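Notes for the one structure printed next.
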Amino acid sequence: MEKMFKKIFKNMSQENSENVEKDLNKEEVINETKNVAEQGIPSAEDLSPEEKLREEIAKEKDKFLRLFAEFENYKKRTSKERMELFKTANQEVLQAMLPVMDDFDRALVQISKSEDEVLLKGVELIHNKLKDTLMSKGLEEVEMKAGDAFDADFAEAITQIPAPSDDLKGKVVDVVEKGYKLGDKIIRFPKVVIGN
C-alpha cells in the first residue's frame, strides 16, 4: 500500500514540476513578445497627427470597400433570386393545370375512337389552345417514349414488367403519364413502365 502511495505522490510531483516549467516557458514567451512590441512597433501615442489621420483614413477606406463589396454581393443575389422567382412564379398554377391536360389527352383518345368528326375537331381545337397557352408560359413536355433508355434523373418508374423483347430490357416499355418541365426544372416526372 505504501508503495502505491509513493508512486502516486511521485507522479503528482513530476506533473506539478512539468506544469511549472510550462508556465515559466509561457511567461518567457509573453515577456519576449512584449519586449519586441515595445521596441519595434510604435504605439498610437508615438505617431504624429498626420500618421494617425492616415491610419484612420486607411481603416475607413477598408470599411467602405468591405461594405461596398457586401452590397454588390447582395444586389447580385437578390437579382438572381428575382429572376428565378419570375421563371417559376407560375409553377403552382401550371402544376394544377397538368391533370386537366391529362384529361384532355385521354378524352382525345376516346373521342377519336368514335365516328363523330365534328366533336373530335372541337375537342382538338380546345386542347391545342390550352396546350399552346401553357407552352407560352414556359411549360415544356419531357420527351419520353417507348424504347428510350430509362434514366432515374428524368423519369419515375412505377413498375417493371418482363420485357416483350430483348432490346427493351432496362428500357421504357410504356409511358403511363407525361412529364413536364418549367424552364430547366422538371415539375412532374414522366411515369413509365420499364422492362426487365
Side-chain angles (χ1 to χ4, degrees), residues 57-196:
I57 289 173
K59 286 180 185 176
E60 292 300 319
K61 187 176 181 181
D62 183 57
K63 274 189 197 175
F64 171 75
L65 288 174
R66 289 178 189 275
L67 188 62
F68 183 75
E70 190 175 318
F71 181 67
E72 285 297 314
N73 289 338
Y74 168 77
K75 282 188 349 186
K76 287 178 187 175
R77 185 177 65 249
T78 54
S79 67
K80 184 179 177 184
E81 288 171 356
R82 190 177 309 125
M83 292 301 292
E84 288 176 8
L85 180 65
F86 287 141
K87 284 181 184 176
T88 59
N90 297 330
Q91 180 175 344
E92 288 182 28
V93 175
L94 292 174
Q95 279 181 314
M97 294 298 294
L98 293 180
V100 176
M101 282 289 292
D102 294 337
D103 291 343
F104 261 114
D105 290 337
R106 285 189 283 274
L108 279 174
V109 170
Q110 294 302 318
I111 292 172
S112 65
K113 292 178 184 176
S114 74
E115 297 177 6
D116 193 349
E117 293 295 322
V118 177
L119 177 64
L120 178 62
K121 195 167 195 166
V123 173
E124 279 180 345
L125 286 172
I126 298 169
H127 176 263
N128 289 337
K129 187 173 186 178
L130 176 63
K131 188 175 181 179
D132 291 342
T133 303
L134 295 177
M135 297 301 165
S136 70
K137 300 299 179 189
L139 188 71
E140 296 176 44
E141 189 176 323
V142 176
E143 294 295 326
M144 185 71 58
K145 60 186 181 302
D148 288 349
F150 175 71
D151 185 356
D153 292 333
F154 298 105
E156 180 182 338
I158 56 171
T159 188
Q160 290 184 351
I161 62 169
S165 61
D166 287 340
D167 61 325
L168 287 178
K169 284 188 177 181
K171 294 188 177 183
V172 175
V173 175
D174 187 26
V175 178
V176 177
E177 187 177 74
K178 292 180 182 177
Y180 293 94
K181 61 183 180 176
L182 184 60
D184 294 332
K185 183 180 178 187
I186 296 178
I187 59 173
R188 187 175 81 180
F189 288 90
K191 292 179 173 56
V192 298
V193 177
I194 58 174
N196 60 3

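These numbers come from a predicted model, not from an experiment.
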Apply the test side-chain contact (heavy atoms from CB on, under 4.5 Å) to residues R82 and L85: give CA-CA distance (whole Å), side-chain angles for both, the deciding distance (0.1 Å), then the verdict.
CA-CA 5 Å; R82 190 177 309 125; L85 180 65; 5.5 Å; no

Table please: side-chain donor-acceptor pairs of residues 69-81 below 3.5 Å, with sequence neighbours left out.
from, atom 1, to, atom 2, distance (Å)
E72, OE2, K75, NZ, 3.4
N73, ND2, A69, O, 3.4
T78, OG1, Y74, O, 3.0
T78, OG1, K75, O, 3.0
S79, OG, K75, O, 3.2
S79, OG, K76, O, 2.9

Give me each pair satisfying ring pair (Phe, Tyr, Trp, His ring centres under 6.0 Å) with a member in residues 114-143, each pair once, sequence neighbours excluded.
F104-H127

For E92, all residues meeting salt bridge (charged side-chain N to carboxylate O under 4.0 Å, His left out), sequence neighbours excluded
none

Sequence neighbours left out, cut at 3.5 Å: what donor-acceptor pairs do the side chains of residues 150-160 make with other protein atoms?
from, atom 1, to, atom 2, distance (Å)
D151, OD1, D153, N, 3.1
Q160, OE1, N196, ND2, 3.2

Would you name the heavy atoms of A149 and K171 that are closest together and state the gap between them?
CA-CG, 4.1 Å

For a quick test of reading the model, state the closest non-hydrogen atom pair linking S136 to T133 and the distance between them.
OG-O, 2.6 Å

Before giving the answer on side-chain contact (heavy atoms from CB on, under 4.5 Å), spell out for D148 and V175 the whole-Å C-alpha distance, their side-chain angles and the decisive distance to 0.1 Å.
CA-CA 10 Å; D148 288 349; V175 178; over 6 Å; no

Any chance you could measure L125, atom CG, to L130, atom CG, to the nearest 0.5 Å?
12.5 Å

Side chains of R106 and D103: closer than 4.5 Å at any heavy-atom pair?
yes

Working to the nearest 0.5 angstrom, can you tell me the gap between I194 CD1 and L168 CG?
11.5 Å

So which heavy atom on V173 is nearest to which on G195, and how close?
CG2-N, 3.3 Å

Which value, rounded to the nearest 0.5 Å, describes the distance between L134 atom CG and E141 atom CD?
12.0 Å

To the nearest 0.5 Å, what is the distance between CG on N90 and CD on Q95?
11.5 Å

Is the closest basic N to carboxylate O distance between D62 and K59 below 4.0 Å?
no

Distance-only check: which donor-acceptor pairs under 3.5 Å involve side-chain atoms of residues 177-193, not counting sequence neighbours?
from, atom 1, to, atom 2, distance (Å)
E177, OE1, K191, NZ, 3.1
K178, NZ, D105, OD2, 3.4
K185, NZ, Q91, OE1, 3.4
R188, NE, K178, O, 3.1
R188, NH1, D102, OD2, 2.8
R188, NH2, D102, OD1, 3.1
R188, NH2, D102, OD2, 3.1
R188, NH2, K178, O, 2.8

Test: salt bridge (Lys or Arg N to Asp or Glu O under 4.0 Å). Region: residues 114-132. Which pairs qualify, not counting sequence neighbours?
none

Output the distance between atom CE (M101) and atom CG (L139), rounded to the nearest 0.5 Å.
7.5 Å

